[in-house]
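As the structure is a prediction and not an experimental result, all values here were calculated from the model. All values below come from the heavy atoms of this structure, side chains included, with hydrogens, waters and symmetry mates left out. Atoms within a ligand are numbered from 1 in the order they appear, just like the ligands themselves.
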Amino acid sequence: MTLRFHDSASAATRDFVPLKEGQVSLYYCGATVQGEPHIGHVRSALAFDQLTRWLQTSGYNVTVVRNVTDIDDKILVKAVENNEQWWALAYRFEQAFATAYESLGIQKPTYEPRATGHIPEMHALITQLIERDHAYPAVDDSGDVYFDVRSWPQYGSLTHQNIDDMQAAPDADPRGKRDPRDFALWKGHKDGDPETAKWESPWGAGRPGWHLECSAMVTKYLGTEFDIHGGGLDLRFPHHENEMAQSQAAGHGFANFWMHNGMVTYQGEKMSKSIGNTINPREMLELARPLVVRYYLGQAHYRSVLDYRPGSLTEASAAVERIETFMRAAHAGLNSTGELLLLHEPCDIRDLPGAFRAAMDDDLNIPAALAVLHETVRAGNTALAKGDTAATFEAFQSAMGMTDALGINPLDAQWQQGSGSEAELTALDVLVKAQLEARAQARAEKNWAESDRIRDLLAAAGVDVADSATGSTWSLKK
Ligand SMILES: [Zn+2]
């Protein structure tokens, strides 16, 4: 079985061979933190989380870099509208993104660089491009620096476009450009821009262009050549075309594979605030629990369109319930027979069903992989009903491995947070109160050693005890 991915640059599905044996370097574009995350952002991060987990399950050590664009024209405009410092607004929304990612079990990248922390690296790249005659300072003294698209014959090769058919780059006053398609590497400071949003440079004070940020940060963290560059389909042009052009024009090999995830639509239409046919991650999490939202957003093939319809989350919830009910029943049954000793062993790829591995290796065919999972759950339920412990154990282990690989294991601690049932809380209260009574008794008998022992035991269990004249109360440590 060979791992194969669809490479958007060559428009072909190719065998994946990393540049360094056993290591994979992955960069995918993060958000411009100008507002609340929308569902497209989260689907993209989830697609690359699924990719990362499959590479890890396949035995690779994966270095993942996802940037934060924390300076941008849109951020500056929104900050004025909100009467807020641009950097405060950017950080506020950066945190909103982090919360959305975390609630859906999207693993943190290895590194998450911010654009504003990498200005010197961007200057170095611009200097290289000017020296190689692929960039020039604006002819109108605006302080802008542009990439010269006509100087790079391969411009357009990522998206298979002819330069003359391309749209102009609307990122600066075209009067300073040699060609309207030339895009800004550096944007000169303009009157009215906040003083805090400028950095000195050899071409005058200003701020970086968006496309340049990613190229500079990729090189810093992953080198001039790396395995996979990812992002949403909407970023292919102009963003990724420009990233590739400027990095390759600087002499970098850049990405070996380009992977793009599909968009999310609403009943077949593009989501649009003006039409009102939108749903954001926060609204989805009000309709369903996080595990269901993750399952829903991650169940389609990453390259296909994911079409949201009212009722989509109910269907996903039923699917998750089928998996969870079997796994909980099997877990309880196997525990009671003493069959289950090792619950949270890391998933070993060799224990996964061959059909599941083949599906995942085939450009992450998750719909086919989920079909294997559901088939395993059906077989497991049959085994449970028959009291066939060996077959139940096998199905359970398989389901554990597959759900772990996909990040949707219902027994994982990630999905238990805040979900303590009434019965569990009552049981905990009875047990803690029994310890508190024993401690009160020990204190009454001046048996300080015993009283301390009980306090330490409770502290180790994460229980805070507050003593007062009327007795002791407890709470879980925050
Ligand atoms: Zn990017």
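The Zn ion (ligand 1) has an N, O or S atom of Cys29 under 2.8 Å away, backbone or side chain. Counting backbone and side-chain atoms alike, Cys214 contributes an N/O/S atom closer than 2.8 Å to the Zn ion (ligand 1).
Within the 4.5 Å cutoff, the side chain of Val218 has no heavy atoms near those of the Asn67 side chain.
Within the cation-pi definition used here (under 6.0 Å to the ring centroid, within 45° of the axis), Arg14 qualifies as a partner of Phe257. For the pair Arg178 and Tyr136, the distance from NZ or CZ to the six-membered ring centre is under 6.0 Å and the angle to the ring normal is within 45 degrees.
Distances from the Zn ion (ligand 1) to the N/O/S atoms of Glu243 are shortest for OE2. Closest to the Zn ion (ligand 1) among the N, O or S atoms of His239 is NE2.
Ring geometry, His134 versus Phe147: the interplanar angle falls under 30°, so the pair is classed parallel (tilted spans 30 to 60°).
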